[in-house]
Amino acid sequence: MTYVTGKKLTAFLFTCLILVGCKEPEMEMSPLGKKLPAPALKGTNPFQQEFEIQNYARLQGSCDTRVSTVLVSFDKKAWHQAPTTPDSTNTSLPVGQTNDTDCADGSFDIYLTKNDLLNLWGISTSDDVNAIYIKGLSVIGDTETLTLLDMSPGNGGGAGGGSSVATTLNLEKNWPRGYAGANQCGSFFVYISNASGYRVAHSADVTFKISQSASGNTASAITAYSNWGDCHSSINPSDTFKIPAGSDYAEVIYRFPNTPIDGLLAFTLSNLSALTANPVATNVILRSSEYSSTQRWLSLEQTVPQLYKNVCYPLRIRSQMYNNSPANDQFGGTLNLSATDARLKFYSDEFCMNQATEYSFTSYDPVLKAYMKFVPSGADTQSFVAFQFTAAGSPGNSLTYDAQPWDLRADLSDKNTVTRLEFQGPRNIVNGDCNVYQVLTTNANGSLLPMTGALNVSLATQESGLGQFYSDEGCSSPISSTTIAKNKSSATVYFRPMASSAGTYHFNITASGLTSATPLVDIHSIARQFKIAPMDLTAGNCKPISVGLIDGAGIFKTAPSTITTALQVYLTPGGVAPLYADPNCMTPMSGGSSTPLTITEGESIGTVYIQTLGLAGTSFTIYVNSTAGYMGADFSEIFK
């Protein structure tokens with residue numbers, strides 16, 4: 001079996017988990033690093049079963065009774081809960097056979113059928129799988145992971161194989177693919193593959209550099225960043241990066257140069273580990289990011305995961321400037337839409353009555369509105385098809401549009417009833433950020449289907465205290481539910497995480513009569529701004545003024561490198577107050593009206609001191625300046 005996957009990777013931010021609070025250390029830290037053991041295999045290895053004959057493989061095993069649900073993955077990134085009833089079509093399984101994914105009795109029993117692999121997870125043949133990963137969920141976190149590999153000849157277990165063995169390091173330019181804006185931050189994905197070109201993880205850390213060339217002149221390793229915030233703030237640059245052991249990719253954020261505009265930049269990998277770096281260059285066309293530029297790039301505003309036959313779907317295409325802002329053009333351009341499968345039709349109305357292929361952006365609206373429908377012929381016998389569609393600027397446009405083809409799938413089965421919810425949106429989010437999500441209604445195959453009546457959907461997370469849902473993109477109007485209107489298949493909501501600690505959690509999206517959506521979400525905690533810690537306001541002696549770094553949820557974070565800012569204390573009356581370096585207020589600090597304050601690498605707090613003798617009844621304000629990558633802070637009070 002060989003696992004084939006698209007190289008569309010999701011962004012991942014590597015951050016530290018910092019515990020703060022007033023609990024005793026042993027109470028606070030006891031769960032760290034302790035996981036339940038991985039599920040164990042009891043039955044025959046699925047790679048030794050006759051999948052091509054019986055059209056299913058059986059996973060039997062034992063697990064800790066504290067495990068609530070067993071999850072399965074084919075790439076160790078996307079984790080799936082098997083359906084309650086496997087699709088037994090064209091298998092020898094009895095009608096009504098069920099999957100046991102609950103470990104309450106200490107065991108699990110799951111059937112991976114050909115139809116479920118195809119329609120739920122997009123795996124078309126058994127040759128598309130060379131590894132199966134199994135783990136469990138529990139109240140104290142995920143279990144360790146059981147890894148099953150295809151070790152047959154040709155798949156890493158005999159001569160001529162190697163599909164489960166990491167061999168090559170590869171580079172890919174992410175969104176927008178193939179293009180970038182001058183002096184703008186953009187991402188690359190670096191991923192590991194086997195000899196056949198399929199993604200695999202490696203057992204050891206893989207270090208690498210990326211080099212850039214233009215007009216044939218190869219440059220030295222590029223200076224880049226490990227996350228978007230650092231790139232936008234130009235802090236913590238690096239030229240060496242790492243894919244951690246057990247993972248198969250890393251994201252590198254790079255600030256593109258100012259030149260050559262409309263020229264081709266070639267990026268190549270320099271591998272510092274035992275793997276071979278793919279010598280083929282990743283080419284990127286550099287566009288002007290000025291507001292006067294006539295270049296635009298196109299992205300999908302709303303992604304339809306899978307179309308059902310003869311259903312009319314909205315198609316929204318966003319025009320972006322290369323400075324990453326929406327293209328609010330007074331005179332919008334015109335696009336021609338086409339597909340590699342003629343059965344995909346495009347329309348100008350929401351009922352898919354008026355067919356069209358050319359569409360225009362309206363004035364000051366960056367989103368082009370069109371509709372699409374997959375119309376099978378009477379002779380079609382397929383149950384699932386994959387194809388691409390393309391948007392290209394029409395001749396005579398004053399604007400030029402860049403876009404790569406988009407992948408689509410269509411479901412031609414007879415499953416025309418809404419049975420479950422999906423929750424689509426980012427799976428790696430940062431505390432304090434407002435994130436957009438789509439609540440979707442689908443059939444058993446995961447194909448988007450409209451509701452025959454209005455549907456109320458409850459919005460929650462499985463774990464408490466993780467954040468709040470909202471109805472608006474500014475995350476200012478909180479909600480606990482939303483409505484999918486009649487004849488619609490989606491609703492837009494927003495979520496702002498405010499978790500007390502970073503970690504992997506779950507959404508819990510429910511509606512009466514439908515299977516709930518409980519996808520995983522990784523919440524990260526990144527230092528964003530300064531905060532003045534609570535202080536003793538009783539006047540009379542030397543007092544500390546402590547300033548720390550916090551994330552978007554107000555959690556104190558350690559400094560990734562030594563950070564120096566400045567603060568001032570203004571007294572009313574009295575003007576600027578002198579500050580001191582020691583807790584006895586004996587050593588005045590230099591700096592005049594602006595006193596330097598340093599938070600040392602690995603620390604969360606920096607402290608200076610103020611003499612409050614005789615200041616009872618005096619108002620004061622503390623100002624902490626912003627600095628590269630971090631917002632400032634202020635605090636006003638009266639000494640008692």
Side-chain angles (χ1 to χ4, degrees), residues 6 8 118-119 122 124 177 296-319 332-362 365-397 399 401-419 422 424 438 440-452 484-492:
K8 294 181 178 178
L118 171 64
N119 296 319
S124 58
R177 288 179 295 161
R296 304 286 184 263
W297 60 274
L298 303 176
S299 63
L300 288 183
E301 173 78 358
Q302 185 176 3
T303 302
V304 178
Q306 192 165 285
L307 289 69
Y308 190 76
K309 62 183 179 183
N310 295 320
V311 174
C312 190
Y313 293 95
L315 174 61
R316 302 292 182 259
I317 300 175
R318 177 175 286 274
S319 176
T334 300
L335 300 180
N336 285 308
L337 305 184
S338 61
T340 57
D341 192 317
R343 292 173 291 181
L344 182 70
K345 314 292 184 182
F346 299 99
Y347 301 85
S348 59
D349 64 295
E350 63 177 321
F351 304 104
C352 287
M353 299 293 291
N354 301 309
Q355 197 168 338
T357 57
E358 186 174 87
Y359 302 84
S360 296
F361 288 96
T362 56
D365 187 351
V367 179
L368 183 147
K369 300 172 180 63
Y371 300 85
M372 60 183 172
K373 180 169 67 173
F374 192 90
V375 184
S377 66
D380 286 330
T381 59
Q382 301 163 289
S383 60
F384 174 91
V385 292
F387 51 93
Q388 292 182 322
F389 86 92
T390 303
S394 300
N397 274 347
L399 301 173
Y401 295 97
D402 296 327
Q404 298 283 348
W406 292 289
D407 296 319
L408 283 181
R409 301 185 297 182
D411 178 359
L412 309 186
S413 73
D414 59 357
K415 298 180 178 179
N416 58 0
T417 304
V418 172
T419 61
E422 298 287 352
Q424 187 182 85
Q438 293 287 325
L440 309 172
T441 51
T442 76
N443 66 4
N445 291 345
S447 303
L448 207 62
L449 281 180
M451 291 299 302
T452 57
I484 297 179
K486 180 181 178 180
N487 297 326
K488 301 297 181 182
S489 54
S490 67
T492 300

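In this chain, numbering begins with 1 at the start of the sequence shown. Heavy atoms only: backbone and side chains are in, while hydrogens, waters and symmetry mates are out.
In this structure, the separation between OH on Tyr347 and SG on Cys312 is 7.5 Å, given to the nearest 0.5 Å. Atoms NZ and NZ, on Lys373 and Lys345 in that order, are 10.0 Å from each other to the nearest 0.5 Å. Atom CZ in Arg177 sits 12.5 Å away from atom CG in Asp402 (nearest 0.5 Å). In this structure, CG in Asn443 is found 7.5 Å from CD in Gln306, a value given to the nearest 0.5 Å. In this structure, OG on Ser447 lies 11.5 Å from CG on Leu440, to the nearest 0.5 angstrom. Arg318 contributes atom CZ, which lies 9.5 Å from atom CH2 of Trp297 (distance to the nearest 0.5 angstrom).
Of all the heavy atoms in Ala391 and Ala403, the pair that sits closest is O-CB, 4.0 Å. Of all heavy-atom pairs spanning Asn336 and Pro395, the tightest one is ND2-CD, 4.2 Å. A pairwise comparison of heavy atoms in Leu344 and Phe387 identifies CD2-CE1, 3.6 Å as the closest pair. The shortest heavy-atom contact between Tyr401 and Leu298 is CD2-CD2, 3.5 Å. Heavy atoms only, all atoms of each residue included: Val367 and Asp365 are closest at N-OD1, 3.0 Å. Between Ala491 and Ile484 the shortest heavy-atom distance is CB-CG1, 3.9 Å.
Between the side chain of Lys415 and the main chain of Leu412, no donor-acceptor pair closer than 3.5 Å is present. Looking at Thr441, its side chain does come within 3.5 Å of a backbone N or O of Leu449 through a donor-acceptor pair. Side-chain atoms of Ser490 never come within 3.5 Å of backbone atoms of Gln438 as a donor-acceptor pair (strictly under, hydrogens ignored). Not one N or O on the side chain of Tyr371 forms a donor-acceptor pair closer than 3.5 Å with the backbone of Asn354. When atom types are taken as modelled, the side chain of Thr340 and the backbone of Gln388 share a donor-acceptor pair closer than 3.5 angstrom. In this structure a side-chain-to-backbone donor-acceptor pair under 3.5 Å is present from Arg316 to Ala370.
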Check step by step if side-chain contact (heavy atoms from CB on, under 4.5 Å) holds for Gln355 and Val375. CA-CA 12 Å; Gln355 197 168 338; Val375 184; over 6 Å; no
Could you go step by step and tell me if Leu368 and Leu315 meet the side-chain contact (heavy atoms from CB on, under 4.5 Å) rule? CA-CA 8 Å; Leu368 183 147; Leu315 174 61; over 6 Å; no
Using side-chain contact (heavy atoms from CB on, under 4.5 Å), reason through Leu335 and Phe361 one step at a time and then give a plain yes or no. CA-CA 8 Å; Leu335 300 180; Phe361 288 96; 3.8 Å; yes
Would Phe374 and Leu408 satisfy side-chain contact (heavy atoms from CB on, under 4.5 Å), going step by step from the backbone distance to the final call? CA-CA 10 Å; Phe374 192 90; Leu408 283 181; over 6 Å; no
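When only modelled atom types and interatomic distance are considered, Asn445 and Ser413 share a side-chain donor-acceptor pair under 3.5 Å.
Under the 4.5 Å side-chain criterion, counting only non-hydrogen atoms from C-beta, Ile317 is in contact with Leu300. Using a 4.5 Å cut-off on side-chain heavy atoms (C-beta onward), Lys486 and Thr452 make no contact. Looking only at side-chain heavy atoms (C-beta outward), Asn487 and Glu350 stay at 4.5 Å or farther from each other.
Note: Phe346 and Tyr359 fail the aromatic proximity criterion, with ring centroids not under 6.0 Å apart.
By the neighbour-count criterion of 12 heavy atoms within 6.0 Å, atom NZ of Lys488 is sparsely surrounded, having that number or fewer from other residues, nucleotides or ligands.
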